[in-house]
Amino acid sequence: MRKYIGEIGLTFTAIIWGSGFVMSALALEYYTPYQILAVRFIIGALLLSIVFHKRLLRVDKSVLWKGALLGVFLYGAFALQTVGLQFTTPSKNAFLTGVNVVMVPLIAFILYKRKLDTFEWFGAVLALIGVAVLSLQWSTTINIGDVLTLGCAVMFAFHILYTARFVRTEDAILLTLLQMVVAAGISSVTVIGMGETSFSMEPKGVSSVLYLAVFSTTLAFLMQTVGQKHLSETKAAIILSTESVWGMIFSVALAYELLTFRMFLGALIIFIAILLSEVRPLLLKKRIPRQVKEHEI
């Protein structure tokens with residue numbers, strides 16, 4: 001049951017992030033990318049602090065450095081993605097960010113000798129192919145924006161990996177709160193340092209950035225951290241890769257794009273990847289009762 005709760009939580013996270021593509025496009029008409037990041041993380045930190053302030057009494061050195069590390073990865077990923085988008089196409093930005101789905105199991109294997117599960121590995125590769133089909137406008141040119149976005153994928157991969165490791169022993173809500181505070185601090189210093197302290201108060205701009213702050217940041221990352229407590233890091237990365245599918249669905253539903261066969265095929269491939277990652281647990285469930293029955297005989 002806990003596994004399914006984790007899967008549902010990460011699925012809702014992906015849905016919220018997918019809806020955030022439209023809101024991000026609207027917010028960028030009124031704010032700079034760094035202003036959007038600052039508002040997202042500051043409001044996220046404030047909301048979580050208000051709701052879960054009593055948990056701050058449990059802060060010790062262990063959870064403090066872990067939350068801080070996740071906060072650095074979190075801000076680094078968004079900053080690299082944002083800067084990279086200024087030099088590359090949105091489709092390549094989305095695809096290269098999605099590369100984290102195959103980086104997660106590789107990093108886990110290299111750093112912690114975690115066995116590369118065959119079903120999860122094929123699922124991760126298939127999910128990446130699905131993201132490519134769904135979002136990539138094929139081009140062989142590589143520029144600085146592509147390199148920065150690839151750095152974003154590395155940051156997200158480490159964020160997913162260490163979230164999975166840290167939630168095994170630490171309070172998931174406290175980890176979310178602390179990483180949000182650290183990201184808010186970094187984003188505030190960045191905005192002040194760049195002299196971008198004048199914010200638009202246009203209703204459309206305010207409403208869009210508030211949606212990103214409350215839902216795409218506060219709620220989504222809270223559900224991600226709690227959800228990863230019950231799943232492997234690779235499985236989490238595969239489920240979160242459906243963000244591109246939900247982004248496509250919201251974009252089509254709101255008439256920003258027309259549904260094409262390529263979009264449908266990419267979404268189908270990602271869905272198959274998720275089913276593939278579920279095969280091994282089902283096989284194990286069937287194998288264990290059979291072994292028990294043979295042992296009794």
Side-chain angles (χ1 to χ4, degrees), residues 3-25 74 77-78 81 90-105 117 119-136 149 152-153 155-157 159-161 163-164 211-212 215-217 219-254 256-257 259-282:
K3 180 177 83 73
Y4 292 121
I5 291 175
E7 291 178 350
I8 292 171
L10 290 180
T11 299
F12 273 111
T13 298
I15 292 173
I16 293 173
W17 285 347
S19 68
F21 284 117
V22 176
M23 289 300 177
S24 293
L74 182 62
F78 274 105
Q81 185 183 46
S91 61
K92 289 179 74 175
N93 187 268
F95 167 69
L96 291 172
T97 300
V99 171
N100 74 76
V101 75
V102 294
M103 287 183 173
V104 170
D117 181 271
F119 288 100
E120 285 190 342
W121 176 244
F122 275 122
V125 173
L126 199 59
L128 179 61
I129 294 173
V131 173
V133 173
L134 182 64
S135 63
L136 192 58
T149 307
C152 153
M155 286 287 190
F156 271 129
H159 184 269
I160 293 172
L161 173 65
T163 295
Y211 178 89
L212 292 173
F215 294 99
S216 296
T217 304
L219 184 59
F221 280 106
L222 182 60
M223 287 193 296
Q224 179 200 349
T225 308
V226 174
Q228 281 198 245
K229 195 175 186 70
H230 311 296
L231 298 172
S232 71
E233 59 271 15
T234 305
K235 181 64 177 294
I238 293 173
I239 294 176
L240 291 174
S241 71
T242 62
E243 170 192 1
S244 56
V245 175
W246 294 107
M248 176 267 292
I249 292 174
F250 279 104
S251 185
V252 170
L254 296 174
Y256 281 90
E257 292 183 88
L259 180 63
T260 65
F261 175 74
R262 179 175 59 82
M263 290 179 177
F264 174 78
L265 181 60
L268 180 62
I269 293 173
I270 294 174
F271 179 69
I272 294 173
I274 295 175
L275 292 180
L276 185 61
S277 67
E278 290 282 358
V279 170
R280 182 174 178 272
L282 290 175

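- Judged by distance alone, the side chain of T149 and the main-chain N or O of Q81 form no donor-acceptor pair under 3.5 Å.
- For the atom pair CZ (F122) and CD1 (I238), the distance works out to 12.0 Å, reported to the nearest 0.5 Å.
- Not counting sequence neighbours, the partners of T225 by the side-chain hydrogen bond (donor to acceptor under 3.5 Å, both in side chains) test are T176.
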Check the pair Q224 / H159 against side-chain contact (heavy atoms from CB on, under 4.5 Å), numbers first and verdict last. CA-CA 11 Å; Q224 179 200 349; H159 184 269; 3.7 Å; yes
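- Between the CD1 atom in I5 and the CG atom in L231 there is a gap of 10.5 Å [rounded to 0.5 Å].
- Aromatic rings from F215 and F12 are positioned such that their centres are separated by 6.0 Å or more.
- Here the closest heavy-atom approach between residue A237 and residue N100 is recorded as CB-OD1, 4.4 Å.
- Between the NZ atom in K235 and the CG atom in L10 there is a gap of 9.5 Å [rounded to 0.5 Å].
- With hydrogens and angles ignored, the 3.5 Å screen pairs a side-chain donor or acceptor of Q228 with a backbone N or O of I160.
- Residues meeting the side chain to side chain contact (heavy atoms under 4.5 Å, CB included) test with A220, sequence neighbours left out: T13, I16, W17.
- Side-chain contact check for T11 versus T242: every heavy-atom pair is 4.5 Å or farther apart.
- When the ring pair (Phe, Tyr, Trp, His ring centres under 6.0 Å) test is applied to F264, no partner is found at least two apart in sequence or on another chain.
- In this structure, CD1 on I8 lies 11.5 Å from CE on M223, to the nearest 0.5 angstrom.
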